[in-house]
Amino acid sequence: MADEIVKPDLTFAKEVIKSGGESLKKCYQCSTCTVVCNLTPDKAPFPRKEMLYAQWGIKEKLFKNPDIWLCHHCGDCTAYCPRGAKPGEVLGAVRKLMIKNYSPPSFLAKWVSEPKYLLLIFLIPLLLFFGEMAILGYFSGVEIPRDENGEMSYVAFLPAVPWIDGPFMLIAAFAIICFYYGVKRYWLDLTSGMEIKRKDIYGCIYETVKDILLHKKFQLCSVNKGRYSAHMLVFYSFIGLAITTSIAFFYEWVLQWESPYPQTNIVKIIGNISGIALIIGILLVIANRAKNAVKQGMGSYFDWLLITIIAVVGITGFLAELLRLAEVETLGYASYIAHLVFVFALFAYAPHSKMAHMVYRATAMVFARAAMREQSIKQEEAA
Ligand code: SF4
Ligand code: SF4
């Protein structure tokens, strides 16, 4: 077998440390983490080897194998590591660097991963919506219109076309383009590091989608069992909100029927249930993290930014609706603008924030199936 020349890159190792992997150097390669991880395949298991690659700064070895994303950050390894090296957190830091590496433009990943840019990322959408309000004359004495029944209405305040649909369609297109380029580059790197053995990619996609919908991997976490239900609630509430948005879009563009819709309408029912599920789910995520912080680590700024954005999206959305029903104008409009600002941040920065995990992890899972990397897990499940 030919000897492999390892080229350490200490700059990259330092980047991992700076990105949330502070405990990286404590690892002494005992392999306890690999033994306790319920998600790793038997062959070339993780995360011990990834700890070694990260200590030496071997970026290619980390980026070109799908294992970094096969880890679901359950924290079992961190809880059992005898050295407190927190492998779960180190892998989280590597994932953050991967997002920065693959999702263009990289300056946006820098903005969402460093606290010094926190104000800037919210200032952009805030100025956008304030700009719209200024154009409509709300800062120069124009009275905010009401709907045809004389009731307070956010559609009358900022009509969907062009003030809401315009910017949100643009950021949706932007996010799709960034994800497209990011995933394309990631897939090319994966295929250069490991061979594809299955030819039925659609079969791999189908199995991965089924896995994700059932949250099969989360069920395997043993230390933090509550993580499964919390993530499941947030995940399905997002699906519910996506259905709500699609129905509202259909009403508006096809039926030419503008909101507000009656509380008994299907769009309201699905939206309200999903909104409540989102708030409960994200509060459970926060409670779980706090409860298991000592064992598993509290998570990085990058993790908490997304958690906070989702929590504020849920709370301001609900608050805005309640204040509208109660006709509390100033607070209602303020909550609505805050809601729009956070929804903007959620979607515009999705390819660069932790939100990108849904796309990169799904890609890695499909690839792992195609490369038969998850074969042993599949065999265990079938047994
Ligand atoms: S991270 Fe901890 S458990 Fe894993 S090999 Fe290093 S010291 Fe051992
Ligand atoms: S965090 Fe969980 S899934 Fe990730 S390597 Fe550790 S034990 Fe495995």
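First listed ligand is number 1; within each ligand, the first listed atom is number 1. Hydrogens, waters and symmetry mates play no part in the numbers below; they use all other heavy atoms, side chains included.
Shown here is Y181, whose OH atom has no more than 12 heavy atoms of other residues, nucleotides or ligands within 6.0 Å. The environment of L119 atom CG is sparse: at most 12 non-hydrogen atoms of other residues, nucleotides or ligands sit within 6.0 angstrom.
Every atom of ligand 1 with a heavy atom of P87 under 4.0 Å away is listed here by number and element: 1 (S). Every atom of ligand 1 with a heavy atom of Q29 under 4.0 Å away is listed here by number and element: 5 (S), 6 (Fe). Within ligand 1, the atoms closer than 4.0 Å to a non-hydrogen atom of Y28 are 6 (Fe), 7 (S), numbered from 1 in the order shown. Heavy-atom contacts of S31 reach the following atoms of ligand 1: 5 (S), 8 (Fe) (cutoff under 4.0 Å). Atoms of ligand 1 lying under 4.0 Å from any heavy atom of T32, numbered from 1 in the order shown and given with element: 3 (S). Listed by atom number, the atoms of ligand 1 under 4.0 Å from P82 heavy atoms are 3 (S). Taking every non-hydrogen atom of F46 and a distance limit under 4.0 Å, the qualifying atoms of ligand 2 come out as 5 (S), 8 (Fe).
Between Y261 and W257, the ring-plane angle classifies as perpendicular under the 30° and 60° cut-offs. F367 and W187 have perpendicular rings, their planes meeting at more than 60° on a 0 to 90° scale where under 30° would count as parallel.
In R48, the part holding a heavy atom less than 4.0 Å from any atom of ligand 1 is the side chain. Contacts of C27 with ligand 1, taken as heavy-atom pairs under 4.0 Å, involve both backbone and side chain. Neither the backbone nor the side chain of Y80 comes within contact range of ligand 1; no heavy atom lies under 4.0 Å.
Counting only N and O atoms by type, the side chains of D189 and Y102 include a donor and acceptor under 3.5 Å apart.
Residue pairs meeting the side chain to side chain donor-acceptor pair (under 3.5 Å) criterion with at least one member in residues 148-168, sequence neighbours excluded, are D165-W253.
For R227 (side chain) and R289 (main-chain N/O), no donor-acceptor pair under 3.5 Å exists by modelled atom type.
The nearest heavy-atom contact from the protein to atom 2 (Fe) of ligand 1 is C81 SG, 2.3 Å. Protein heavy atom in closest approach to atom 3 (S) of ligand 1: C33 N, 3.3 Å. For atom 8 (Fe) of ligand 1, the nearest non-hydrogen atom of the protein is C30 SG, 2.3 Å.
Between F342 and the choices F122, F347, Y349, Y336, the ring-ring contact (aromatic ring centres under 6.0 Å, His included) rule is met once, by F122.
The two residues P45 and T40 have their closest heavy-atom pair at CA-OG1, 3.1 Å.
Taking the charged nitrogens against the carboxylate oxygens, E321 and K268 do have a contact shorter than 4.0 Å, which makes a salt bridge. A salt bridge links E327 to R146: one of the charged nitrogens lies within less than 4.0 Å of a carboxylate oxygen.
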Does L306 form a side-chain contact (heavy atoms from CB on, under 4.5 Å) with L346? I'd like the steps, not just the answer.
CA-CA 8 Å; L306 178 65; L346 184 65; 3.8 Å; yes
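Nearby protein atoms of type N, O or S around atom 2 (Fe) of ligand 2 amount to 1 (distance under 2.8 Å).
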